[in-house]
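I have placed the structure first, in the form of structure tokens, so that the comments after it can refer back to it.
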Amino acid sequence: MKICYPAIAVIGVPVNLAAIVILSRGKCGLSKGITRYLVAMAVADLMVVIIEDVFYQIVETYGAYFLQPSLPFCLVHYVLCYVALDCSVWLTVAFTFDRFVAICWSKIQTKYCTPRIAGRIIGTICVAFCLKNVPYYFLHKERANLYWNQCDQKSALHTVPEFEWFYWLDRLLNPLLPFFLILFLNILTVRQIVASSRVRRGLRGQRKSEKQQDPEMRSRRQSIILLFTLSASFLLCWATTTLVFIFLRCLYTDLETSIRLWLAQRAGTVIQLFSCCTNTFIYSVTQTKFREQLMIVALSPINLLVKMVRKWFFIIKVNSPALVPKYYEL
């Protein structure tokens with residue numbers, strides 16, 4: 001487990017930065033609304049990798065013996081951990097719902113699936129979860145004052161009786177409700193796609209043996225593939241964490257009494273953090289124009305270096321005395 005956290009940091013930071021730069025250029029053939037959601041998701045994933053993985057998991061694992069952060073730093077840092085994780089999850093839900101509206105509710109598609117609405121939803125999610133996680137500051141502060149007066153482990157927070165209700169609200173909002181909401185929306189989306197495909201094939205008189213393609217369905221295919229791959233990645237990466245929580249609540253057990261559940265929770269944390277590194281690879285696999293832009297961004301330092309070398313050689317060639325033409329007097 002110890003080597004996984006540095007690996008996630010090494011992979012997650014550059015791939016999310018690359019996704020932010022490429023998507024912000026707006027040259028991937030996606031609508032402005034989808035682009036805003038994807039950029040916001042990449043920023044949230046980057047924050048999760050930096051705040052949760054680098055400054056919490058890596059420091060806790062490798063620096064616990066020589067790093068003693070102050071209590072105020074720990075309190076603010078824990079709040080930022082929860083904010084980044086909640087925003088990353090619920091932006092995925094917002095993107096899934098946006099695609100669900102675009103595919104299943106054509107009547108309100110033109111009003112809802114716009115860049116302006118996407119920006120408002122992204123801003124609302126960020127502000128709402130910043131406010132929602134403020135109680136974690138006082139929760140950690142109270143527990144630190146009661147016990148060690150220092151940084152405390154996040155896994156033991158639910159043992160504070162006064163905050164039991166808040167713990168259940170937090171677990172409901174992440175990961176229970178997002179997990180089942182994304183699963184439910186994708187089931188409805190698949191059902192609508194299958195039904196609309198049958199209707200359109202019947203209206204166009206297509207048969208299985210014909211190779212004629214529907215232009216509208218072909219234009220939808222790109223966003224549908226992107227939606228399903230992102231949703232499937234989220235569900236797979238969060239399945240372990242969700243199941244561990246359900247087992248703990250249903251069996252009324254504790255992690256300290258079950259080594260298997262403890263190992264499952266640790267593995268779920270690693271997989272959950274790894275989910276913040278997968279979106280860029282998904283874009284590369286499913287989006288042709290994203291791959292082209294990724295190659296351009298990846299080769300831009302090399303191209304810049306080649307231009308600088310050529311310019312340098314050109315200056316040397318021009319200023320070299322051996323190459324200056326000689327003029328002789330008649």
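Small disclaimer: the values here were computed from a predicted structure and weren't measured. Along the sequence shown, residues carry numbers from 1.
Distance alone, capped at 3.5 Å, places no donor-acceptor pair between the Asp98 side chain and the Ala94 backbone. The backbone N or O of Val79 lies less than 3.5 Å from no partner atom in the side chain of Asn133, so there is not a single donor-acceptor pair. Listed for the Thr189 side chain is a donor-acceptor partner under 3.5 Å among the backbone atoms of Leu185. The closest donor-acceptor contact from the side chain of Thr92 to the backbone of Ser88 lies under 3.5 Å.
In this structure, Ile108 and Val101 have side chains that are in contact, with non-hydrogen atoms separated by less than 4.5 Å. For the pair Thr269/Tyr5, a side-chain contact is recorded, criterion being any heavy-atom separation below 4.5 Å from C-beta on. Two residues are said to be in side-chain contact when any heavy atoms from C-beta on lie closer than 4.5 Å; Leu23 and Phe290 meet this criterion. No side-chain heavy atom of Phe100 sits less than 4.5 Å from a side-chain heavy atom of Asn186. Between Phe95 and Leu226 there is a side-chain heavy-atom pair separated by less than 4.5 Å. Within the 4.5 Å cutoff, the side chain of Trp238 has no heavy atoms near those of the Ile271 side chain. You'll find the side chain of Thr288 reaches within 4.5 Å of the side chain of Glu292, heavy atoms only.
Counted within 6.0 Å of CZ on Phe274, heavy atoms from surrounding residues, nucleotides or ligands total 12 or fewer; the atom is thus considered open.
At a threshold of 4.5 Å between side-chain heavy atoms, the hydrophobic network of Ile, Leu, Val, Met, Phe, Trp and Tyr places Leu30 and Met295 in two separate groups. Cluster annotation: Leu173 is connected to Tyr82 through the hydrophobic network of ILVMFWY side chains, with a link wherever side-chain heavy atoms come within less than 4.5 Å. Clustering ILVMFWY residues whenever any of their side-chain heavy atoms sit less than 4.5 angstrom apart, transitively, puts Phe129 in the very cluster that holds Tyr37. Note: the hydrophobic cluster containing Leu236 does not contain Leu227 (ILVMFWY, side chain heavy atoms under 4.5 Å, direct or indirect links). In the hydrophobic clustering of this structure, Val49 does not group with Val15; members are Ile, Leu, Val, Met, Phe, Trp, Tyr whose side-chain heavy atoms approach within less than 4.5 Å, directly or through other members.
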Would Leu177 and Trp90 count as a side-chain contact (heavy atoms from CB on, under 4.5 Å) if you check the C-alpha gap in whole Å, the side-chain angles of each, and the deciding distance to 0.1 Å?
-> CA-CA 10 Å; Leu177 185 58; Trp90 278 95; 3.7 Å; yes

Met41 and Asn279: CA distance, side-chain angles, deciding distance, side-chain contact (heavy atoms from CB on, under 4.5 Å) verdict | CA-CA 9 Å; Met41 290 164 60; Asn279 288 351; 3.9 Å; yes

Mind running side-chain contact (heavy atoms from CB on, under 4.5 Å) on Val21 and Gln293 for me, showing each step along the way?
-> CA-CA 10 Å; Val21 172; Gln293 293 298 316; over 6 Å; no

Derivation and outcome, side-chain contact (heavy atoms from CB on, under 4.5 Å), residues Phe281 and Ile11 | CA-CA 11 Å; Phe281 297 103; Ile11 298 174; 4.1 Å; yes

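Between the CG atom of Leu131 and the SG atom of Cys126 there is a distance of 11.5 Å, given to the nearest 0.5 Å. The CD atom of Gln109 sits 7.5 Å away from atom CZ of Arg99, with the distance rounded to the nearest 0.5 Å. Rounding to the nearest 0.5 Å places OH of Tyr78 at 10.0 Å from CD of Glu52. With values rounded to the nearest 0.5 angstrom, Thr96 atom OG1 is found 10.0 Å from Phe228 atom CZ. One finds the SG atom of Cys87 at 10.0 Å from the NZ atom of Lys132 (value rounded to the nearest 0.5 Å). To the nearest 0.5 Å, atom CG of residue Leu80 and atom CG of residue Leu85 are 12.5 Å apart.
Residues Gly33 and Pro115 come closest through the heavy atom pair N-CG, 4.0 Å. Nearest heavy-atom pair, Ile22 versus Cys28, reported as atom, atom and distance to 0.1 Å: CG2-SG, 3.7 Å. Minimum interatomic distance between Ala42 and Asn16 (heavy atoms only, all atoms of both residues): O-OD1, 3.7 Å. Contact between Ser275 and Cys237 at its shortest, heavy atoms only, is CB-CB, 3.4 Å. Gly268 and Thr241 get closest at one heavy-atom pair: O-OG1, 3.4 Å. Closest non-hydrogen pair, Leu230 versus Ile282, comes out as CD2-CD1, 3.9 Å.
For Asp170 and Tyr136, the side-chain atoms include at least one donor-acceptor pair closer than 3.5 Å. Of the N and O atoms on the side chains of Ser233 and Thr278, at least one donor lies less than 3.5 Å from an acceptor on the other residue.
A centroid separation of 6.0 Å or more is found between the aromatic rings of Tyr112 and Trp105.
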